[in-house]
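Every chain is numbered from 1 and lettered A, B, ... according to where its sequence line falls, protein lines coming before strand lines.
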Number of protein chains: 2
Amino acid sequence: MRLSTKGRYAVTAMLDLTLQGGEGPVTLAEISETQGISLSYLEQLFACLRGKQLVRGVRGPGGGYYLGRPAEEISIADIICAVDEWVEFTRCGGKRDCKDGKRCLTHNLWDELSSEIFNFLSSINLAELVERGGLKEEGCIREKENSELLVSESGKTRAA
Amino acid sequence: MRLSTKGRYAVTAMLDLTLQGGEGPVTLAEISETQGISLSYLEQLFACLRGKQLVRGVRGPGGGYYLGRPAEEISIADIICAVDEWVEFTRCGGKRDCKDGKRCLTHNLWDELSSEIFNFLSSINLAELVERGGLKEEGCIREKENSELLVSESGKTRAA
DNA sequence: ACAAATACCGACTGTAATACTTGGTTATAA
DNA sequence: TTATAACCAAGTATTACAGTCGGTATTTGT
């Protein structure tokens with residue numbers, strides 16, 4: 001198991017997607033701006049997430065991303081595993097019969113701990129996490145800007 | 001919270017120390033050999049652990065390391081925090097009153113998750129982990145080589 | 001007094017991952 | 001047919017990881 005800032009970025013982005021979702025797709029540009037994560041980096045992360053069916057992309061204007069399945073069915077472990085690939089680090093190859101019993105001992109212990117962490121993260125899903133925050137109805141959800149493509153004066157895109 | 005191979009090394013080493021401890025100090029050279037971690041790297045990790053009072057070093061021949069306090073009082077979180085320093089990554093500085101309510105939302109959610117992971121790891125101590133492995137009495141504990149300094153033919157040190 | 005063992009310490013290094021950039025190509029809605 | 005957005009591949013700067021090297025400080029046994 002591995003839990004780095006990369007996984008954190010992914011979880012944060014998925015959390016944002018969960019909050020903003022429901023009324024049409026969410027663009028990476030929005031997430032990028034809100035969460036302060038570079039757009040291209042988000043694209044890379046979402047390529048991983050899409051590979052694991054955790055998100056579904058819609059191309060073209062008005063496009064963006066949806067969650068790949070209901071928020072209740074996406075665990076934190078799912079997200080982290082998708083981007084922060086699992087590092088199997090035992091030197092004895094994970095098999096029980098390595099000569100040196102002492103070496104395997106701590107390996108087994110670590111593996112047990114690792115499993116516990118994994119199970120824990122598997123037990124938390126996006127919906128729960130959002131629910132627990134209890135901030136869903138306080139205007140924290142971004143206003144959908146009028147989806148008409150007349151964002152000529154918003155300044156975020158090149159002048160049209 | 002961060003959970004990388006560095007933290008894993010530290011936990012593994014502390015686990016080893018817990019198992020071998022009780023009858024005198026354990027040298028880093030032993031841990032290095034048993035766990036396959038470079039000696040100098042262990043020294044760096046133990047410098048961190050010592051700074052947080054998790055271990056106590058004894059110099060000179062026959063020296064080594066003891067746990068800084070009973071194994072029951074050392075949690076996995078203690079160990080990981082000592083070596084894998086806590087990355088505070090919120091862009092709003094952790095304060096609740098940042099202008100943009102939306103940004104803080106996911107940050108708070110993440111912080112909550114982070115706290116949960118921390119609490120979880122805090123709830124597991126070294127003694128429990130060793131107990132759970134159930135391997136304490138299976139010859140997994142290293143034999144203490146005769147502490148006499150006559151290791152002339154062991155070949156591990158430069159010929160004396 | 002001396003030599004060896006061990007912790008302790010700081011600086012350096014190769015490798016890999018992270019986080020980001022650049023410059024595209026598709027697909028789709030207006 | 002044009003702008004929007006996902007999609008894609010390659011490159012880059014920074015950092016963390018893991019380890020090396022060469023030393024100093026203490027303590028023990030002879």
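One N or O on the side chain of B:Ser32 and one on the backbone of B:Ile37 form a donor-acceptor pair closer than 3.5 Å. When atom types are taken as modelled, the side chain of B:Asp78 and the backbone of B:Ser75 share a donor-acceptor pair closer than 3.5 angstrom.
Positionally, the nearest nucleotide of DNA chain D for A:Gly60 lies more toward the 5' end than for the other of A:Gly60 and A:Arg56. Closest-nucleotide positions on DNA chain C for B:Ala29 and A:Glu43 were compared, and the one nearer the 5' end corresponds to B:Ala29.
When the nucleotides C:dA7, D:dA6, D:dG19 are ranked by their closest atom to the side chain of B:Arg59, C:dA7 comes out on top. For B:Ser38, taking side-chain heavy atoms from C-beta onward, the closest of the listed nucleotides C:dT18, C:dC20, D:dT20 is D:dT20. Which of C:dA7, C:dT22, D:dA6 sits closest to the side chain of A:Ser40 comes down to C:dT22. You'll find that the side chain of B:Lys6 is closest to D:dC17, out of D:dA3, D:dC17, C:dA5. Nearest nucleotide to the A:Gln44 side chain, out of C:dT21, C:dA4, C:dA19: C:dT21.
You'll find the side chain of B:Leu17 reaches within 4.5 Å of the side chain of B:Phe46, heavy atoms only. Side-chain atoms of B:Leu67 and B:Met14, non-hydrogen and from C-beta on, do get closer than 4.5 Å to each other.
Taking atom CG on B:Leu49 and atom P on C:dA7, their separation rounds to 13 Å, with Å as the unit. If you measure from atom CG of A:Leu17 to atom P of D:dA6, you get 11 Å, rounded to the nearest angstrom. Remark: C1' of C:dA19 and CZ of A:Phe46 are 16 Å apart, rounded to the nearest angstrom. Here the P atom of nucleotide D:dA5 and the CG atom of A:Leu39 are 11 Å apart, to the nearest Å. The distance from atom CG of B:Leu42 to atom C1' of D:dG19 is 11 Å, rounded to the nearest whole Å. Atom CZ of A:Arg8 and atom C1' of C:dA17 are 18 Å apart (whole Å). Remark: C1' of C:dC9 and CG of B:Leu45 are 15 Å apart, rounded to the nearest angstrom. Rounded to whole angstrom, the span from the CG atom of B:Asp84 across to the P atom of D:dA16 amounts to 11 Å.
Considering only side-chain N and O atoms, A:Ser4 lies under 4.0 angstrom from the phosphate OP1 or OP2 of C:dT18. The side chain of A:Arg50 contributes an N or O atom lying less than 4.0 Å from OP1 or OP2 of D:dC7. Phosphate contact (OP1/OP2 of C:dA19, side-chain N/O of A:Tyr41, threshold under 4.0 Å): present.
Relative ring orientation between A:Tyr41 and A:Tyr9 is described as perpendicular, the plane-to-plane angle rising above 60° on a 0-90° scale split at 30° and 60°.
Nucleic acid contact class of A:Leu28 (heavy atoms, under 4.0 Å, all strands): sugar-phosphate only. Residue contacts shown for A:Tyr65 are limited to sugar-phosphate atoms, with no base heavy atom under 4.0 Å away.
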